[in-house]
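Data block below; observations after.
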There are 2 protein chains.
Amino acid sequence: MHKAAAERSNDVFAAQLAPVGRETVQDRVYSELRRALIGGLFEPSQVLTIRGLADALVTSTMPVREALGRLITEKALEALPNRSVRVPPITLERIDDLLRARILIEGEAISLAATRIGPRGIATVEALLREWDQVRALKHKKDIDREVTLNQSFHFEIYRACGSAVLIPMIESLWLQSGPCIRVAIYAFSEAGEVDTAHYHRSIVAALAAQNAQAARVALVADISRPFAFLREKLQSKARTE
Amino acid sequence: MHKAAAERSNDVFAAQLAPVGRETVQDRVYSELRRALIGGLFEPSQVLTIRGLADALVTSTMPVREALGRLITEKALEALPNRSVRVPPITLERIDDLLRARILIEGEAISLAATRIGPRGIATVEALLREWDQVRALKHKKDIDREVTLNQSFHFEIYRACGSAVLIPMIESLWLQSGPCIRVAIYAFSEAGEVDTAHYHRSIVAALAAQNAQAARVALVADISRPFAFLREKLQSKARTE
DNA sequence: GATTTTGATATGTGATCACACTTGCTTTGA
DNA sequence: TCAAAGCAAGTGTGATCACATATCAAAATC
C-alpha cells in the first residue's frame, strides 16, 4: 500500500512537494554539538553534563547521552575516569600531533582532489571565496562565526572532490578535535591584528584550477599550519610566564 | 573519608589487592563488537538488530544501542535509511579506498615508530613473531582467530611506538572498517594455498631494528596490500562470472 | 491468478524511573 | 580552630515502557 501511495503521490504531487526527511532527535543533537565543537563554542577542558545539555537543547537525556558517546569515540570529547565528559584540554603535544595528522590526511585529500575536481567544483569554491571577501569587506569583526563556517565550507567542498568515503570522515574527525584549539587561535589572531588569510585560499584555488596537485598540497599545508603556529607560540609564551 | 579509607588500604592491603576497575556494560559490549568486527566474525551486508545482539550478549538493549551508535560513527557499521544497521558491504571502490588510507596512515605511523621504538619494543615484536611461528608450525589450520589476533598485536605494538594519540585511533578505525573484508581475504588465502606471510613481518622487524624508516614503510605497505590484492582479484573474477 | 489490502510481528527511538557513585557542604568532635 | 564524619544534591548507567514505523505473510479484491 505504501508503494501505491508513493506512486500516487508521484503522479500528483511530485513537482510540488519535497521529501520531508525523518531526522531523529539524536541526529539533531549530534549535529548541533558537532557544529558547536568545530566552531569552537566550547572551551578546552570544559565539562559537559548530560542533563545540562538536555536542558539547553530542550530534549530529554536520551538523545544527548547517545550523541555524547558518539563524540567520545571520535575523540571530539573525552571521558574522565569519574565518568564525566569534557572537551579535551590543549597541550603542546596535542596540537603538534593534530597538525601533523591534518597535514598528512588533508594534504592527501587535496592532492587527489586536484585531478578530480571539475570546472563546476572550481566555480563553487571561487563563489565561496567571493562571498568570504564580502564578509571580510564589511569589517564587522563580529562575524567570526560566519567566517569559520565559510572556511569550513571552502575546505570541505574541495575535500569532497577527492572521492574517498574513508578519508572525508577522518578529516571531519580531525576538524572536530582541533575545533576548540582553533577558537583559541582565532582570539590570538584578533589580538595579533589582521593577517592576509585570503592569500592562502587564492593560492589553493589557483593550484586546483591548474590541476597542480603538489602546489595545492603546499598551499593547503601553509593555510592549516598558520593558526596552529599562532596557537603554539601563544601556549609557549604562556608557559614561559608561569 | 574516602581518602582516609584509601590510605588505610594502602597501609594494610596494598601488596595483596589489585584495583578492581569499573568497566561499564556498554564498554564490554563495545569491546566485544569491536573484537568481532576486526576478527571478521560478521559477514559484509549482515544486518544487526539491537534486541538480537542484546539477547546474544545477555544484556538489555540499552548498552547495545549505544555501542552500535558509536560503531556507526566510526564507519565500522552502516545505518540504513530504514534505521536498521548492517555491516558495510564490500565493493571494489571501498577496498581500494580503504587500502589507500591504510597505506597513507599506517605508513606514516611506522615511519615515525622506526626512530622511536626502543630495544624493548623490538624485543616485544620479535617475541610476538616467535609466538606466531609456533602457532603456524602446529599447522592446526583452525587457529585463524589466533593468527588474526597475533597479527593485530604485532602491528599495534609497532604503531603504539609512533607516540601519536591522534593517528592510533584512526588506524583502529581503519582496521574496524577493513575487518569484514579481511575475513573474506583469509578465506581466499585458504583456497589459494599457503603464502609466505611471515616474510613481510621479518622485513618489517629488520627495518625497525636498523631504524630505517623508509624500508619499514615499504615492507609494511607490502604486508597490508597483500590481502587486499587477493580480495580485489577475487571480487573481480566474481564480477566477471556474473 | 495477480495485485492490493490488511493485519500481526518486529524493530528503532525517546521518555522515565531506579540505583550507584561522586561531590561539595554542613555538622560534629577533639 | 581544624579535621573527620555525615548528609544532600547532582550525575551517569542500565532497565523498562510507550509509540511510531517497517516488514512480511495471509487474505481479499479485481
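All figures in this text were calculated on a predicted structure; none of them were measured in a lab.
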Output the rounded distance in Å from CZ (A:Arg70) to P (C:dT13). 10 Å
On DNA chain C, compare the nucleotides closest to B:Thr49 and A:Thr59; which residue's is nearer the 5' end? B:Thr49
Whole-Å distance, A:Arg51 CZ to D:dG12 P, equals 7 Å
What nucleic acid atoms does A:Leu48 come within less than 4.0 Å of, heavy atoms only: base, sugar-phosphate, or nothing? sugar-phosphate
Base, sugar-phosphate or nothing for B:Thr61? Non-hydrogen atoms, less than 4.0 Å. base
Is there a donor-acceptor pair under 3.5 Å between the side chain of B:Ser84 and the backbone N or O of B:Leu80? no
Check every atom of C:dT13, D:dG12, D:dT16 against the side chain of B:Ser60 and return the nucleotide holding the closest atom. D:dT16
I'd like to know if A:Arg86 pairs up with A:Glu43 as an ion pair, taking the criterion as any Lys NZ or Arg NE/NH1/NH2 lying under 4.0 Å from an Asp or Glu carboxylate oxygen. no
A:Ile50 CD1 to D:dG12 C1', straight-line distance once rounded to whole Å: 6 Å
Are B:Glu172 and B:Arg34 within salt-bridge range, i.e. N to O under 4.0 Å? yes
For A:Asp55 and C:dT16, what is the distance between atoms CG and P respectively, to the nearest whole Å? 12 Å
Nearest-nucleotide pick for A:Met62, side chain only, options being D:dG12, D:dT16, C:dA15: C:dA15
Starting from P on C:dG12, measure out to CD1 on B:Ile72 and report it in whole angstrom. 10 Å
Charged N-O contact under 4.0 Å between A:Lys75 and B:Glu74: no
Within the pair B:Asn82 and D:dT23, is there a side-chain N or O less than 4.0 Å away from OP1 or OP2? yes
In whole angstroms, how far is the C1' atom of D:dT16 from the CZ atom of B:Arg65? 11 Å
Between C1' of C:dT13 and CG of B:Leu80, the distance in whole Å: 16 Å
Do A:Glu233 and A:Ser237 get their side chains close enough for a donor-acceptor pair, meaning under 3.5 Å? no
B:Leu53 CG to C:dT11 P: how many Å, rounded? 11 Å
Within the 4.0 Å heavy-atom criterion, would you say B:Gln26 contacts the bases, only the backbone, or no part of the nucleic acid? sugar-phosphate
